[in-house]
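The structure appears right after this line, and notes come after that.
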Amino acid sequence: MNLPEKEYNISKINMGTFGKDFVWGTATSAYQIEGGYNENGKGPSIWDAFCTIPGKIKNGDTGNIACDHFNRFKDDIKLLKDLGVNSYRLSLSWSRIMPEGKNKVNEDGINFYNDIIDELLKNDITPWVTLYHWDLPLALQLEDDGWLGESIINNFVTYADVCFKRFGDRVKNWITLNEPWVVAILGHGHGVFAPGRVSEVEPYRAAHNLLLAHAHTVDHYRNNYSSQNGNIGITNNCDWREPLTESQSDIEASQRALEFFLGWFADPVYFGDYPQVMKDRIGNKLPDFTPEQKKLLKGSSDFFGLNHYTTMYAANKNGTEDKTDVHGNGGISEDQDVSLSVDDRWKLTKMNWAVVPWGCKKLLHWISDRYDNPDIYITENGCAFDDKVVEGQIDDSDRVEYFSTYLAACEEAIKEGVNLKGYFAWSFLDNFEWNSGYSKRFGIYYVDFETLERIPKSSAKWFKKFLSGQIS
Ligand code: GAL
């Protein structure tokens, strides 16, 4: 069994390695923080609807109010300024901008995001804007099955066009999609996220349309908005998969798991097609790209956006029929034939995700090797712990350790030649953690969901010191 290769020393990070142009930020998403779910002309999204189904969300929580960022964004941006980040990653709510997902534009929605963007720029914080972080306009789900229908591609390009036109004079960093893997697997496979579909085939169809919507949007941006001089890319999520043993079959299992997880979405973007191992195993459940689509996809990201949280061991499963094994972020497990496990010695977060900083470094190398050393931005990395307010303070030393050890692993990766250019901590605020509701806190700022007061945790104080170069 592989052992953790080394412990990372919290006090040893050297800010200098990251360089003066390094992008430092925190990340959030619209549905998780905004609230204002039906304010000023916003239309419903699939998450608004999903949250009304009894039993889907822990404690029956909803994003109706969330962190009330809708009304408090100015004060929130003051907190970001105080933290010292140079960038901030947010997402736009499609149904706030286009309540039915198409046709009519809601000017109040445009104004809302204009105000946020202007406020960020006024504070010297560069916005990184994600167009789609899972909150599809409900109308599009009802009309043509959302990501399963073909009309989604044109609708997404049309929505993106509104965003480029109205915000692109000031927004220079665009992310088309956040974690299409989650939309496909959790939304259309396991059914635990909106739109709640349960299927072994639909994840592949949804993924196909997500990839095409991404590629057409990038093409549209490059053809029509090149004068805005912006960058556009996609953010994918992936854990590291460490071979359980040194056997050839486990080494192959870990490679296969990574290709099913990340290669599924990154290979089309870098090579123009799905990994061969997926084609071989999935057969005709996996749609084909036409030659024109392959051309459009290849090279469709200016940077490699990565969300990374954890690591698991991967072992060859040998075809054992275990349909219940949906452990971890594996994908459709029976198609991969990989069993996943964790090491008892690994510390677990409240999500039960293991804290394994060296896995982050290995994944960065895997990406660099496979995709020819692209510029990588970690667009999310973070952890949930049981944060408690004691005499007005939140001492989240577990989170400080998480960030500092993962950053130490990132520093090492940079020294070894990985082109890591940015890092966004997930998350700025405690927020609506999807089907876990408010029960999982990821923020570096604590949010009291009764009073909506924000309190900096120790990790925010640590981050502030770190960003000002006082920890090295
Ligand atoms: C990511 C997602 C975020 C956040 C985070 C923690 O997959 O993009 O919205 O929920 O995980 O679970």
Side-chain angles (χ1 to χ4, degrees), residues 25-35 45-47 50-51 56-58 61-63 66-67 69 88-94 128-136 175-190 192-194 203 207 210 214 233-240 261-262 264-265 305-312 328-331 348-355 360 363 377-387 396 398-399 402-403 406 423-445 447 459:
T26 63
T28 61
S29 87
Y31 190 71
Q32 293 178 278
I33 66 163
E34 282 180 6
S45 77
I46 56 173
W47 270 95
F50 193 65
C51 290
K56 292 291 182 193
I57 314 291
K58 178 117 184 183
D61 289 342
T62 73
C67 305
H69 181 71
Y88 171 60
R89 175 171 177 241
L90 67 149
S91 81
L92 307 179
S93 155
W94 183 347
W128 282 64
V129 175
T130 304
L131 292 168
Y132 186 72
H133 200 125
W134 311 346
D135 45 356
L136 187 78
I175 294 169
T176 53
L177 305 175
N178 179 69
E179 303 190 357
W181 181 93
V182 168
V183 178
I185 293 289
L186 304 185
H188 293 82
H190 304 168
V192 292
F193 279 18
L210 283 153
H214 156 78
I234 186 169
T235 274
N236 284 306
N237 57 311
C238 197
D239 306 342
W240 175 245
F261 199 156
L262 186 55
W264 181 10
F265 295 95
L306 174 70
N307 292 353
H308 173 74
Y309 287 89
T310 189
T311 286
M312 292 182 101
N329 289 334
L348 297 180
T349 70
K350 215 183 169 200
M351 299 295 281
N352 276 332
W353 297 345
V355 181
C360 177
L363 179 61
Y377 291 84
I378 293 184
T379 42
E380 287 179 28
N381 175 240
C383 50
F385 283 109
D386 233 337
D387 302 317
D396 59 339
D398 287 336
R399 187 172 287 102
Y402 182 98
F403 281 131
Y406 272 74
Y423 178 94
F424 292 83
W426 184 273
S427 180
F428 169 35
L429 304 170
D430 290 338
N431 59 48
F432 177 81
E433 176 53 30
W434 308 113
N435 61 352
S436 305
Y438 298 100
S439 70
K440 302 284 192 311
R441 294 179 175 273
F442 274 89
I444 59 174
Y445 284 84
V447 176
S459 56

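Worth knowing before you read on, the calculation uses all heavy atoms, side chains too, and leaves out hydrogens, waters and symmetry mates. Remember, it's 1-based here, ligands and their atoms both numbered in the order they're listed. All residue numbers refer to positions in the sequence shown, counting from 1.
Tyr377 and Thr235 form no side-chain donor-acceptor contact under 3.5 Å, judged by distance and modelled atom types alone. Side-chain contact of Arg89 with Thr130: a donor-acceptor pair under 3.5 Å is present, judged by distance alone. Residues Asn431 and Tyr438 have side chains that never bring a donor and an acceptor to within less than 3.5 angstrom of each other. For the 3.5 Å distance criterion, the side chains of Asn178 and Asn307 qualify, holding a donor opposite an acceptor. For Tyr309 and Asn381, the side-chain atoms include no donor-acceptor pair closer than 3.5 Å.
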Between the protein and ligand 1, are there any N or O atom pairs that come within less than 3.5 Å of each other, and if so, what are their names and distances?
from: ligand 1; atom 1: 7 (O); to: Glu179; atom 2: OE1; distance (Å): 2.5
from: ligand 1; atom 1: 7 (O); to: Glu179; atom 2: OE2; distance (Å): 2.9
from: ligand 1; atom 1: 8 (O); to: His133; atom 2: NE2; distance (Å): 3.2
from: ligand 1; atom 1: 8 (O); to: Asn178; atom 2: ND2; distance (Å): 2.9
from: ligand 1; atom 1: 8 (O); to: Glu179; atom 2: OE2; distance (Å): 3.3
from: ligand 1; atom 1: 8 (O); to: Glu380; atom 2: OE1; distance (Å): 3.1
from: ligand 1; atom 1: 8 (O); to: Glu380; atom 2: OE2; distance (Å): 2.9
from: ligand 1; atom 1: 9 (O); to: Gln32; atom 2: OE1; distance (Å): 2.7
from: ligand 1; atom 1: 9 (O); to: His133; atom 2: NE2; distance (Å): 2.8
from: ligand 1; atom 1: 9 (O); to: Trp434; atom 2: NE1; distance (Å): 3.0
from: ligand 1; atom 1: 10 (O); to: Gln32; atom 2: NE2; distance (Å): 3.2
from: ligand 1; atom 1: 10 (O); to: Glu433; atom 2: OE1; distance (Å): 2.8
from: ligand 1; atom 1: 10 (O); to: Glu433; atom 2: OE2; distance (Å): 3.4
from: ligand 1; atom 1: 10 (O); to: Trp434; atom 2: NE1; distance (Å): 2.9
from: ligand 1; atom 1: 12 (O); to: Glu433; atom 2: OE1; distance (Å): 3.4
from: ligand 1; atom 1: 12 (O); to: Glu433; atom 2: OE2; distance (Å): 2.6

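Counting all heavy atoms, side chain and backbone alike, Asp430 lies closest to Gly443 at OD1-N, 2.8 Å.
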